*Asks:* 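Okay, handing you the structure first.
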Amino acid sequence: MTDSSSSSLPFHAPLQEASSSPAPSSLSEAAPARHAPDPDDPTEDETPHTPAGHPDGGTLTLVSTPIGNLGDFSDRAAATLAEADLILCEDTRTSARLLTARGITTRTEPLHDHNEQQRIPALIALLEHGRRIAVISDAGTPLLSDPGFRLARAAIAAGIAMTAVPGPNAAITALTLSGLPPHPFMFSGFLPPRPAARREALARLRAAEQAGLSATLIWHEAPHRLDEMLADLAEIFGADRPATVARELTKRFEEVRRGPVGTLAAWYADNRARGEITVLLGPPAKDDSGADDLDDRLRAALATLSVKDAASLVAGAINLPRRTVYARALELARQTDDPHG
């Protein structure tokens, strides 16, 4: 998990060896029974299969790696990397310890935000000539806040066989420990690092809630920005909204702190966080009147003002992006002009 929005080097806590220490308890709700393999069904087979793709071509495999604890690295993931012709790493130095621990000697090369696009033609050529290429990130599932998306898209366009070895993921792990509704959820990676851009992004999400979005929201955040981010969440979504900060998941100093987002903001203002951090915000309460409030304010303003002026007035009053409010004002104005439209 890398903060790709920041120019500073991300903090990577040391990977921990497998431990029998219990994880923090989490709230959970009863869930319907999941599909289980049927031993009498010949289609239920653990034998690896070759995904369909480019004839005579190779395979691109997205391999999940531990987010902290080396014991979470699966045998299948290790075998896939050992059998690959090339491993593309976010940072070859970071990946070296994991590979060395499993005795994996496959050649590694870097694939990151700054070189991914220029490397794609040569990598696609290797795949078309039958090479097996694996993609890993420093921690967790590739593509999610990490490099690999552009290469995966190019492989799909070229008809290359592509598959994945699932495994650890910080966002999903944090969600299961949060005690917040597990579905639906919305994962948005890292917020913009600059305060104004961050608040605008959060305000757009709040506007989406006022238009009907109801989901647990999930982000990654850098330690030095956590207190400001939580303060923005409290201001824009309300200080009483339930939230969770999950830190150093699966590592020795794992911490999951739950509570109203305003309380969490005050805690982290006085207690600086360290390590890899995931922030979760619960969905709005069922009696949240944000959508009705926006429309009521706009209708009242449109009674005496132009669409432009009404949007500016209301946007300033409820702390939403002007262009978002303007779009809704236009829609309400059209409905008034053509009630049957």
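Fair warning: this is a prediction, and the values are worked out from it, not measured in the lab.
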*Asks:* Please evaluate residues Glu90 and Asp113 with respect to the criterion side chain to side chain contact (heavy atoms under 4.5 Å, CB included), reporting the C-alpha separation (whole Å), side-chain torsions for both, the decisive distance (0.1 Å), and the verdict.
*Replies:* CA-CA 9 Å; Glu90 187 178 0; Asp113 289 336; over 6 Å; no
*Asks:* Do Pro66 and Asn69 make a side-chain contact, defined as non-hydrogen atoms from C-beta onward lying under 4.5 Å apart?
*Replies:* no
*Asks:* Is there a side-chain contact between Leu281 and Thr244 in this structure, where contact means two heavy atoms from C-beta onward sitting under 4.5 Å apart?
*Replies:* no
*Asks:* Which residues pass the side-chain contact (heavy atoms from CB on, under 4.5 Å) test with Asp91, not counting sequence neighbours?
*Replies:* Arg93, Thr94, Asp138
*Asks:* Would a distance-only check, ignoring hydrogens and angles, find a side-chain to backbone donor-acceptor pair under 3.5 Å from Thr59 to Ala161?
*Replies:* no
*Asks:* CG of Asn169 to CZ of Phe187: how many Å apart, nearest 0.5 Å?
*Replies:* 7.0 Å
*Asks:* Quick check: do Arg199 and Ile236 have side-chain heavy atoms less than 4.5 Å from each other?
*Replies:* yes
*Asks:* Could you work out, with side-chain contact (heavy atoms from CB on, under 4.5 Å) as the rule, every residue matching Ala310, not counting sequence neighbours?
*Replies:* Ala301, Leu302, Leu305
*Asks:* Would you say that Val135 contacts Thr61 through its side chain, given a criterion of any heavy-atom pair below 4.5 Å between the two side chains?
*Replies:* no
*Asks:* Taking side chain to side chain donor-acceptor pair (under 3.5 Å) as the test, write out the residues that go with Ser312, two or more places apart.
*Replies:* Arg322
*Asks:* Considering residues at least two apart in sequence or located in another chain, which fulfil the side chain to side chain donor-acceptor pair (under 3.5 Å) criterion with Glu331?
*Replies:* Gln335
*Asks:* Keeping Glu248 on the side-chain end and Glu276 on the backbone end, is there a donor-acceptor pair under 3.5 Å?
*Replies:* yes
*Asks:* How far does CG of Leu280 sit from CD1 of Ile218, to the nearest 0.5 angstrom?
*Replies:* 5.0 Å
*Asks:* Under the side chain to side chain donor-acceptor pair (under 3.5 Å) test, which residues partner Arg328, sequence neighbours left out?
*Replies:* Asp295
*Asks:* Could you check whether any side-chain heavy atom of Asp85 comes within less than 4.5 Å of a side-chain heavy atom of Ile133, counting everything from C-beta outward?
*Replies:* no
*Asks:* Sequence neighbours left out, what passes salt bridge (charged side-chain N to carboxylate O under 4.0 Å, His left out) with Asp270? Give chain and number order.
*Replies:* none
*Asks:* Using side chain to side chain donor-acceptor pair (under 3.5 Å) as the criterion, list what pairs up with Arg204, not counting sequence neighbours.
*Replies:* Glu200
*Asks:* Testing Ser74, Ser137, Pro142 for side chain to side chain contact (heavy atoms under 4.5 Å, CB included) with Ser64, which one passes?
*Replies:* Pro142
*Asks:* Suppose we screen for salt bridge (charged side-chain N to carboxylate O under 4.0 Å, His left out). Which residues come up paired with Arg257, at least two apart in sequence or across chains?
*Replies:* Glu255
*Asks:* So does Leu151 get a backbone contact from the side chain of Glu116, meaning a donor-acceptor N/O pair under 3.5 Å?
*Replies:* yes
*Asks:* To the nearest 0.5 Å, what is the distance between CG (Leu180) and CG (Leu177)?
*Replies:* 11.0 Å
*Asks:* With a 4.5 Å cut-off on side-chain heavy atoms, are Leu81 and Arg102 touching?
*Replies:* no
*Asks:* Let me confirm one number: the OG1-CZ distance from Thr80 to Arg132, rounded to the nearest 0.5 Å.
*Replies:* 10.0 Å
*Asks:* Using atom types as modelled and distance alone, determine if a side-chain donor or acceptor of Lys251 lies under 3.5 Å from a backbone N or O of Ile67.
*Replies:* yes
*Asks:* Starting at CZ of Arg241, measure out to CG of Leu264 and round the result to the nearest 0.5 Å.
*Replies:* 13.0 Å
*Asks:* So does Arg97 get a backbone contact from the side chain of Thr100, meaning a donor-acceptor N/O pair under 3.5 Å?
*Replies:* no
*Asks:* Distance-only, no hydrogens or angles: does the Thr141 side chain make a donor-acceptor pair with backbone N or O of Pro168 under 3.5 Å?
*Replies:* yes
*Asks:* Given side chains that start at C-beta, do those of Thr106 and Leu99 come closer than 4.5 Å, heavy atoms only?
*Replies:* no
*Asks:* Looking at Glu209 and Arg206, is any side-chain nitrogen of the basic one under 4.0 Å from a carboxylate oxygen of the acidic one?
*Replies:* yes
*Asks:* I'd like to check the salt bridge (charged side-chain N to carboxylate O under 4.0 Å, His left out) partners of Glu83; sequence neighbours left out, ordered by chain and number.
*Replies:* none
*Asks:* Under the side-chain contact (heavy atoms from CB on, under 4.5 Å) test, which residues partner Pro283, sequence neighbours left out?
*Replies:* Pro181, Ser214, Thr216
*Asks:* Going by the rule side-chain contact (heavy atoms from CB on, under 4.5 Å), which residues pair with Pro110 if we only count those two or more places apart in sequence or in a different chain?
*Replies:* Thr92, His112, Asn115
*Asks:* Looking at residues at least two apart in the chain, or sitting in another chain, which of them share a salt bridge (charged side-chain N to carboxylate O under 4.0 Å, His left out) with Arg198?
*Replies:* Glu228, Asp232
*Asks:* To the nearest 0.5 Å, how far apart are CD1 in Ile136 and CZ in Phe73?
*Replies:* 7.0 Å
*Asks:* Can you check whether Ile156 reaches Met162 side chain to side chain, under 4.5 Å on heavy atoms?
*Replies:* yes
